[in-house]
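Within every chain, numbering begins at 1; the chains are lettered A, B, ... in the order of the sequence lines, protein sequences first and strands thereafter.
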There are 2 protein chains.
Amino acid sequence: MKRLTTEDVARIAGVSQSTVSRVLNDYPYIKKNTREKVLAVIEELGFTRDEIARSLVEKRTKSIGLILGSISNPFFAETAEVIIERAQELKYDVIVYNTGHKDENLEQAINLLIGKRVDGIILTSVSKNYTEKIKKLHKNGFPVLLYNSSLDIEDVNFIVMDNNKGARLAVQHLLGLGHERIAKISGPSKYLATYERTMGYKQELADNGYAIDGDLIFNSEFSYDEIYSFTKKLLKKKDRPTAIIAASDQMALAVLGAASSLDMKIPDDLSVVGFDDIRLASNEFIGLTTISQKMDQMSLTALEKLIYLIEHKEEAAESIQIFLEPELMIRRTTGPAPKQE
Amino acid sequence: MKRLTTEDVARIAGVSQSTVSRVLNDYPYIKKNTREKVLAVIEELGFTRDEIARSLVEKRTKSIGLILGSISNPFFAETAEVIIERAQELKYDVIVYNTGHKDENLEQAINLLIGKRVDGIILTSVSKNYTEKIKKLHKNGFPVLLYNSSLDIEDVNFIVMDNNKGARLAVQHLLGLGHERIAKISGPSKYLATYERTMGYKQELADNGYAIDGDLIFNSEFSYDEIYSFTKKLLKKKDRPTAIIAASDQMALAVLGAASSLDMKIPDDLSVVGFDDIRLASNEFIGLTTISQKMDQMSLTALEKLIYLIEHKEEAAESIQIFLEPELMIRRTTGPAPKQE
DNA sequence: CTGAAAGCGCTTACAG
DNA sequence: CTGAAAGCGCTTACAG
């Protein structure tokens, strides 16, 4: 079928095309009679304005891009839900990209989104390799906000938790329970967020007089299978750790799966701490002890700051750099260290 | 900053704007020399073609809409991941809407997406109330595909599991384990998918000579809290069920959470069956018995069929209606019925 | 209040 | 091979 245009509406309503456009835009000085006639025709025809043409003229699309590491990870899914719903309320729609944590995909996603002329982009899981690219976008005045990632430079907007402190909280908690061999499943160190979680872990251990054992640290991609099999191997060792801190709740679930496959009891045989506090963590059947990122707040703020950047480009003098406080959520997956045989 | 146009590129390269456009479109009859000159300028300037303007001319946006019930539910998140990644490979981007399972939002999302001139829409969780709207879109030749929903009419494309059979498999499994009081947490009956799961449950029980007890059936919205508190109440009753079938894995997790909060052991005190087979279901720490939807296959097929509809509108004579076979995945949350005291 | 016309940044038929 | 020009469906300054 041929799509209807304002021209068609105008012809049938017996007015000019520009008048139809004015009605659509709630232009105030239109005779009531004219407005009603036009509206009636629009209704009758089921006309929907072409937002693409409108975007071309107005030089804005009312779309934003959301680039996620992996949307099947509840951390990203829950983030996406908050962002999408709030965006919708503010009359923006959201184009979602899934990078699978691959740098090439990140770069490609940014380029495609810019081609699609989105008004701004929220970016998760940005690796340090992309500092230059982000900086350039920022300098060009293009609204970009890093979510749960930061870069060590001034010219960039981000919202992130104090990851170092979060990791320290986790370590403190486990030390307090008597654990002395605590492993760390880290994400890739190219991400500042995961890098800092590992640093916090090391520093807190050091501050308490413990040596760092490299065998207890796993620097992996975010692959369920890799984490799963590393954990199994680790837990079968003679000097296995009695506790594991994972760099995300998703990773913690892989750890729990691996431990369960070895018939280990949680937390009697092994304590596990995650990071994020996805909704499932507080489900009593799971009861995952974790470091809360205050995801709802973080994602809501991210969206609102981005929209602010979009709608107040001129005034935006300073970069937006927000740090959130981590919070330890103690649940069922951590307990006293088992008496060593 | 002012955005660069093909006009700018042309001026600098010393050719006409149309030549730049031809280079961009890989038009074959361009002198090699000219092409290289243009490409060099594009590269140097960091020019990105305006896809909005292109869409206006070509009457297609290379965008599709994906309307989800609730993306924080892993069923939808995992679906979205497959669809988004495959779409990206096929050079489409995906605008995601989250309806929160509200009919008004569904309708609004469809309208907004049509305004944005997406090339097609994948729709989940369509209630029967929307039969007319979908039919109309379909009749207008607009590519729409229902995912995990079906409507009882010819003029609509969908991909769905045999839900009735899936529910029957769950009931058979539990009857085989000796359960006689089996509850059903249903979704809203306005969705054909959940409606049929409830029907299958009733029919299989009836076929085996059991009466249907209305008190054991909960027709709720997809609200975690409601399901959680209903389940708690149900499990405190004197004649409590020994098994519960939930209409989704997400709901099953709410059930498990409620049971755990009452210190019930799974499956010793209570057996639980879900629906979907989200990835978490096969995690050994959870081990949720469920009816597999073959989500990866279902979502991949959905996307590919939609793109087919988009790119072969003319030939698309018949509606696409695909039914998938359910499969029972037996794990740790189901076991023999407890001996009744 | 309302119409005619220019312009947003592209593609592509038409000429040469 | 390449340029000039029309046209995609809107918005909005300019006139009246």
Trainee: Starting at CD of Glu7(B) and ending at P of dC8(C), how long is that distance when rounded to a whole Å?
Mentor: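 It is 10 Å, rounded to the nearest whole Å.
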
Trainee: Around atom NZ of Lys128(A), are there more than 12 heavy atoms of other residues, nucleotides or ligands at under 6.0 Å?
Mentor: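 More than 12 heavy atoms, drawn from other residues, nucleotides or ligands, come within 6.0 Å of this atom.
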
Trainee: Arg54(B) has an atom CZ; how far is it from atom P of dC8(D), in whole Å?
Mentor: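 About 18 Å, once rounded to whole Å.
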
Trainee: Rounded off to whole Å, could you give me the OH-to-C1' distance for the Tyr29(B) and dT12(C) pair?
Mentor: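 To the nearest whole Å, that distance equals 15 Å.
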
Trainee: On the 0 to 90° scale, with breaks at 30° and 60°, tag the Tyr29(A)-Tyr27(A) ring pair as parallel, tilted or perpendicular.
Mentor: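 Geometry flag for Tyr27(A) against Tyr29(A): perpendicular rings.
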
Trainee: Hey, do the aromatic rings of Phe323(B) and Phe158(B) have their centres closer than 6.0 Å?
Mentor: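 When the ring centroids of Phe323(B) and Phe158(B) are compared, they turn out to be within the sub-6.0 Å range.
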
Trainee: Just how far, in rounded Å, is C1' of dC10(D) from NZ of Lys116(B)?
Mentor: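 Spelled out: NZ on Lys116(B) to C1' on dC10(D) is 14 Å.
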
Trainee: Is Ser21(B) touching bases, backbone alone, or none of the nucleic acid, heavy atoms closer than 4.0 Å?
Mentor: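 Base, at least one base heavy atom under 4.0 Å.
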
Trainee: Lys59(A) has a side chain; which of dT2(C), dC1(D), dC8(C) sits nearest to it?
Mentor: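 The closest nucleotide is dC8(C).
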
Trainee: Whole-Å distance between dG9(C) C1' and Asp50(B) CG?
Mentor: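 The distance from CG of Asp50(B) to C1' of dG9(C) comes to 6 Å, rounded to the nearest Å.
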
Trainee: When you compare the protein's N or O atoms with those of nucleotides 3-7 of chain D, which come within less than 3.5 Å of each other, and at what distance?
Mentor:
unit_1	atom_1	unit_2	atom_2	d
dG3(D)	OP2	Ser16(B)	N	3.0
dG3(D)	OP2	Ser16(B)	OG	2.8
dG3(D)	OP2	Thr19(B)	OG1	2.4
dG3(D)	N7	Arg22(B)	NH1	3.2
dG3(D)	O6	Arg22(B)	NH2	2.4
dA4(D)	N7	Ser18(B)	OG	3.3
dA4(D)	N6	Ser18(B)	OG	3.3

Trainee: How about CD on Glu154(A), more than 12 heavy atoms from neighbouring residues, nucleotides or ligands closer than 6.0 Å, or not?
Mentor: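 Not more than 12 within 6.0 Å, no.
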
Trainee: Is Lys62(B) atom NZ crowded by more than 12 heavy atoms from other residues, nucleotides or ligands, each under 6.0 Å away?
Mentor: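 Yes.
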
Trainee: Between the main-chain N or O of Ser72(A) and the side-chain N or O of Glu81(B), is there a donor-acceptor pair closer than 3.5 Å?
Mentor: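 Flag set: sc Glu81(B) to bb Ser72(A) pair under 3.5 Å.
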
Trainee: Pairs counted as Watson-Crick or G-U wobble with both distances under 3.5 Å: what dot-bracket string results for DNA chain C, using | for bases tied to another strand?
Mentor: |||.||||||||.|||

Trainee: Write down the distance between CD1 (Ile52(B)) and P (dC8(D)), rounded to a whole number of angstrom.
Mentor: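 In whole Å, dC8(D) P lies 18 Å from Ile52(B) CD1.
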
Trainee: Select from Pro28(B) and Ala53(B) the residue whose nearest nucleotide in DNA chain D is closer to the 5' end of that strand.
Mentor: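 The residue closer to the strand's 5' end, by nearest nucleotide, is Pro28(B).
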
Trainee: Please report, rounded to the nearest Å, how far the P atom of dC10(C) is from the NZ atom of Lys62(B).
Mentor: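 The distance from NZ of Lys62(B) to P of dC10(C) comes to 18 Å, rounded to the nearest Å.
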
Trainee: When you measure from the side chain of Ile30(A), which nucleotide among dG9(C), dT2(C), dC10(D) comes out closest?
Mentor: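 Selected nucleotide: dT2(C).
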
Trainee: Look at the side-chain N and O atoms of Arg117(A) and state whether any lies under 4.0 Å from the OP1 or OP2 oxygen of dG9(C).
Mentor: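 Answer is no, no contact under 4.0 Å.
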
Trainee: More than 12 non-hydrogen atoms from neighbouring residues, nucleotides or ligands closer than 6.0 Å to NZ on Lys116(B), yes or no?
Mentor: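 Check passes, neighbour count above 12.
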
Trainee: NA contact type, Thr34(B), heavy-atom cut-off 4.0 Å: base, sugar-phosphate, or nothing?
Mentor: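 Result for Thr34(B) = sugar-phosphate.
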
Trainee: What is the separation between atom OH on Tyr27(A) and atom P on dA13(D), rounded to the nearest whole Å?
Mentor: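 Tyr27(A) atom OH is separated from dA13(D) atom P by 9 Å.
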
Trainee: Glu44(B): which residues meet the side-chain hydrogen bond (donor to acceptor under 3.5 Å, both in side chains) condition with it, sequence neighbours left out?
Mentor: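 None.
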
Trainee: Between Phe76(B) and Tyr147(B), does the ring centroid distance fall short of 6.0 Å?
Mentor: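 Ring centres of Tyr147(B) and Phe76(B) not closer than 6.0 Å.
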
